[in-house]
Structure formats: structure tokens, C-alpha cells
2 protein chains.
Amino acid sequence: MPISIVIFEDNENLRDSLEVLINNSGEYQVLAGFSNVLNAKEQIENLRPDVVILDIDMPVKSGITAIPQIKEIDPKISIVIYTQFEDDDKIFDSLCAGADGYILKKTSPILLFQALKEVREGGAPLSPTIAKKVLATFHKSPNQVLRYNLTPREIEVLKLLIKGYSIKYIASELFVSYDTCKSHLKNIYTKLHVNCGKEAIAKVLEERIIL
Amino acid sequence: MPISIVIFEDNENLRDSLEVLINNSGEYQVLAGFSNVLNAKEQIENLRPDVVILDIDMPVKSGITAIPQIKEIDPKISIVIYTQFEDDDKIFDSLCAGADGYILKKTSPILLFQALKEVREGGAPLSPTIAKKVLATFHKSPNQVLRYNLTPREIEVLKLLIKGYSIKYIASELFVSYDTCKSHLKNIYTKLHVNCGKEAIAKVLEERIIL
DNA sequence: CGAAAAATCACCTTTTTAGGTGATTTTTCA
DNA sequence: TGAAAAATCACCTAAAAAGGTGATTTTTCG
């Protein structure tokens, strides 16, 4: 039994050529192609494909909105994003929503074909630039703390601060006076170039600064 | 000029066969192979390869410890992990330390060769099961915000709060009065079960709550 | 040893938040 | 249409945080 596929892609030419390419492979079969995701839920519910190829930028409704809907029907349905966009928002919105792959159109449809294979084998096909961005979210510069020249004590204070603790509580945790704790915080704020604790927490957690 | 490579791999047979395979390609050249990372810093500093192939489980010292050292010398040196391990700890420790790729030995050395190509083209080669695990870290239940029952406006306020903004500034951004903004914050704190802005920021960013 | 860095503490003022109470207007949706 | 939910605003008090200044003790390290 061939692997079944549904395509959401508003460019008709592209959609048709994908369909031909995939159907001619012998291993895959396109069940249907749609130019928008307005009725994605019912369409997927009826067709129950193994894989969905999903464009993001389509009329009226973003393809991303269809991801949770499809995954709700059956999480085993693989969703491969196929789009021209490579901005962080779209990438991470898609992945967070549950996409299993993200392939850029600027690469050839042939690579999309490879991606179908990979996703069915339990992989997560990503175009190289996308994979790079994904990995980058994990990378933590080992020098980030050094760059800010925080002292060991300041790091201790900051660790407690980013848990949302009050100055009073941090002071008691470290067995120092309230004023000492404040003194450290003042220095921390200066070194991190922020003006208050909230900014410091946001900066540390957003930039994934290791403490 | 061929792409230069250094291999850290304690299995001599494997190391030698990799070396032969890579050298015979014409495009790549193995500068050296080592059976441990005890002197990785100096070795890399002297050899300055384009790519490092790094095993994790090696005598005395884990290959992961070498990652920050190498990246400190030159972040442009690509590091591809080549190991049998696929447990989450090793994977994410490696990626967080700065690895650019993670290839399992159970796949053929041929795939490692492909990975070298990919990493030099700015990609992030990952074995399928690894890629799957990496993507899984992004998947979030779409109901996280719903769980807290935040209203659309409250989400807007919270989005600005987690940037570290002051109440006054948030109010001006949303064109509402200071008291209105405070009113929203009070409700947000109640719903998130926190007592202040700092805790709210910490909770949202730590728990990766989608807004 | 001795200087530099780090850690400690105190006191002061001003600003910002938190928490409480209550009320009006707007929007949403059954 | 009409009730419920959401959004808006005001006023008050107390607590917490920020910012400044200055000083002493302890640690670190050449």
C-alpha cells in the first residue's frame, strides 16, 4: 500500500507538479490537493492521509492554523511544512504547533520528496538553514557570563532572582543582609545593562545566559 | 584547498577507516586523529581544522567537554558528534555546548560523510531519530494558555511584561491608563498563581508558555 | 606580603509595584 | 436582545524595588 499524501498549496502549478512528481514515484500517492486550509479539518478527517504537505502563506488563513487541527485528528499524521519563508517566527510557530518537518521551496521539489521518505521513517526533515536555526536555540555561549564579568556571588544572586524571588528572600537564602543583596543587584543591573530586576530576568532567560 | 578535518574517536579501527574514507573523497582531508580529548585544546589550536568529528564516550574525558574549548578557539570550526548514544542527556548536553551536528554510528559512515558536506554548507546534520527528539522539545500543547484562561488583552499585557517593561510603559504601548494596565496585571497574577511581575516573567519563560 | 577585587553592610530618597475596592463602558455570544 | 465576560478607569495604602553614597571586612592572587 503506497503512502498517502494530501497537499495544501495555493500555487496551482506547483501543486500539480508536486502531485505528478509524487504519484510517479510509485511509493507515494496523492489523495488530494487543496489551495487553502479553510476546510482542512473535515478534509483530513475524511481522507486520513499518512503525510500532509503544508504551505504556510495561503489565502485567508495561514497554514500554521491547520497544524493543531490535523494533529488533533491523529498525531501520527506527519506534517511537512513546504514554504518560501525562513523567518524565525514562522519556523518556530510551525514547530511549536506540531510540524514534523520544514522544507524550503528554494530547495528543489526533489528534496521535498526525500523529506517525505525521512518523515515516514520517523525523522524530522529540515532544510539546512532551518536546522541551523533550530540548533542555534540550544547553543549557549560559554562566555556569556564571562562577558558580563559577573562575580561568583553575583551569579548566585542572579540565579535566585530569575526564579522570581524577592530581594528579601534572596538575602535570607544567602544569609546576608537586605542591603548587601541590593548592593549585588545594583552591580548586576549595571553589568547586564538593565534597569531593574524584571529586565534582568527577561534578559537572562531570553538570551539563555548560563549561570 | 580541501576541507580539513580532525577526528576524536577511541576506536582505532573505526578511526582509521573513517580517515581512509574521508581522504579518498578528494574534497576532504584528515589532518589528524586522536583517541581522547585530553589535549584537544592545544591540538585544535595548532591544527585549526574546518571540521571536528567528535565521539562522546572516550577514555577519561567525555568528548562533550571538548566542545566549548574548540568553540572558544574558533566558533567557525564545525563540530559533528559521531556516537552510538542517543539518550536525551548526551544529545542536549552536546547541542547546548555548541555542537553543529549529531550523527549516530548505527547509521553508516557514508552518512557521516554526507553530514560533513551539510555542516560545511551551513546546515545542521542530525540523524533522523535525533532530529525527531530535537523537534519534540518545541512541541507544546496548544492549550497551555487556555489552561490559565488568559483573555486576549491579558496575553498582550503579559507579552510586554516578559520583555521586562514597566507598567507605565506597557500602558502607553497599549494606549490605556496606568490603572487599567495594573488591573490586567492583577488578574494575570491571580490566573498564573504568582504574586508579582518577576514571578510571572520567570514562570512564563521557564515553562515556555506560549503567548 | 600587599594591592586589587569581592563581599559585606548602612542610610537615605524616590519610584515602582502590589493589593484592595468599586465602578463604568464595551464586546461577545447564546 | 440581554446576560456574561472583557476591558476600561480611579483612588487608596503599604510594600518592594531602584538609585545614590560611602564604608568596612574578606578573599584572592601576583
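This one's a predicted model, so the numbers in the text were calculated from it and none came from an experiment. Below, read A as the first sequence line, B as the second, and so on, with proteins coming before strands; counting in each chain starts at 1.
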Inset, instruction - Look only at the side chain of A:S183 and the backbone of A:D179, and say whether a donor-acceptor pair between them is shorter than 3.5 Å. - result: no

Legend entry - Atom NZ of A:K117 with >12 non-hydrogen neighbours under 6.0 angstrom: no

Inset, instruction - Report the residue (A:D179 or A:Y165) whose heavy-atom-nearest nucleotide on DNA chain D is the more 5′ of the two. - result: A:Y165

Inset, instruction - I would like to know whether A:D100 and B:K132 meet salt bridge (Lys or Arg N to Asp or Glu O under 4.0 Å); could you show each step before the answer? - result: CA-CA 8 Å; A:D100 301 287; B:K132 191 77 186 173; 3.2 Å; yes

Legend entry - Contacts of A:T180 that satisfy side-chain hydrogen bond (donor to acceptor under 3.5 Å, both in side chains) - sequence neighbours left out: A:S177

Inset, instruction - Would you tell me if any nitrogen or oxygen in the side chain of B:K186 comes within less than 4.0 Å of OP1 or OP2 on C:dT17? - result: no

Inset, instruction - Walking along DNA chain D from 5' to 3', note the first and the last nucleotide with an atom under 4.0 Å from a heavy atom of chain A, and give both. - result: D:dA16 to D:dT21

Legend entry - Phosphate OP1/OP2 of C:dA18: any B:Y189 side-chain N/O under 4.0 Å: yes

Legend entry - Residue of the set B:K61, B:R15, B:K105 for which salt bridge (charged side-chain N to carboxylate O under 4.0 Å, His left out) holds with B:D55: B:K105

Inset, instruction - Provide, to the nearest angstrom, the distance between the CD1 atom belonging to A:I201 and the P atom belonging to C:dT17. - result: 12 Å

Legend entry - Comparing B:K182 and A:L185 on DNA chain D - which has the more 5′ nearest nucleotide: B:K182

Legend entry - Interatomic distance, B:K198 NZ vs C:dG19 C1' [rounded to whole Å]: 17 Å

Legend entry - Sidechain N-carboxylate O distance under 4.0 Å for A:K106, A:E86: yes

Inset, instruction - Measure the distance from CD1 on B:I188 to C1' on C:dG19 and round it to the nearest whole Å. - result: 15 Å

Legend entry - Closest-nucleotide ordering on DNA chain C, the 5'-leading residue of B:S183 and A:R153: A:R153

Legend entry - Whole-Å distance separating the CD1 atom of B:I170 from the P atom of C:dT16: 13 Å

Inset, instruction - Return the value, rounded to whole Å, for the distance between atom CD1 of A:I167 and atom C1' of C:dA18. - result: 14 Å

Inset, instruction - Check the angle between the aromatic planes of B:F138 and A:F138 and answer parallel, tilted or perpendicular using the 30° and 60° thresholds. - result: perpendicular

Legend entry - 5' precedence on DNA chain C between A:S177 and A:C196 (nearest-nucleotide basis): A:S177

Inset, instruction - Quick one: label A:T180 by what it contacts on the DNA or RNA (base, sugar-phosphate, nothing), any heavy atom closer than 4.0 Å. - result: base

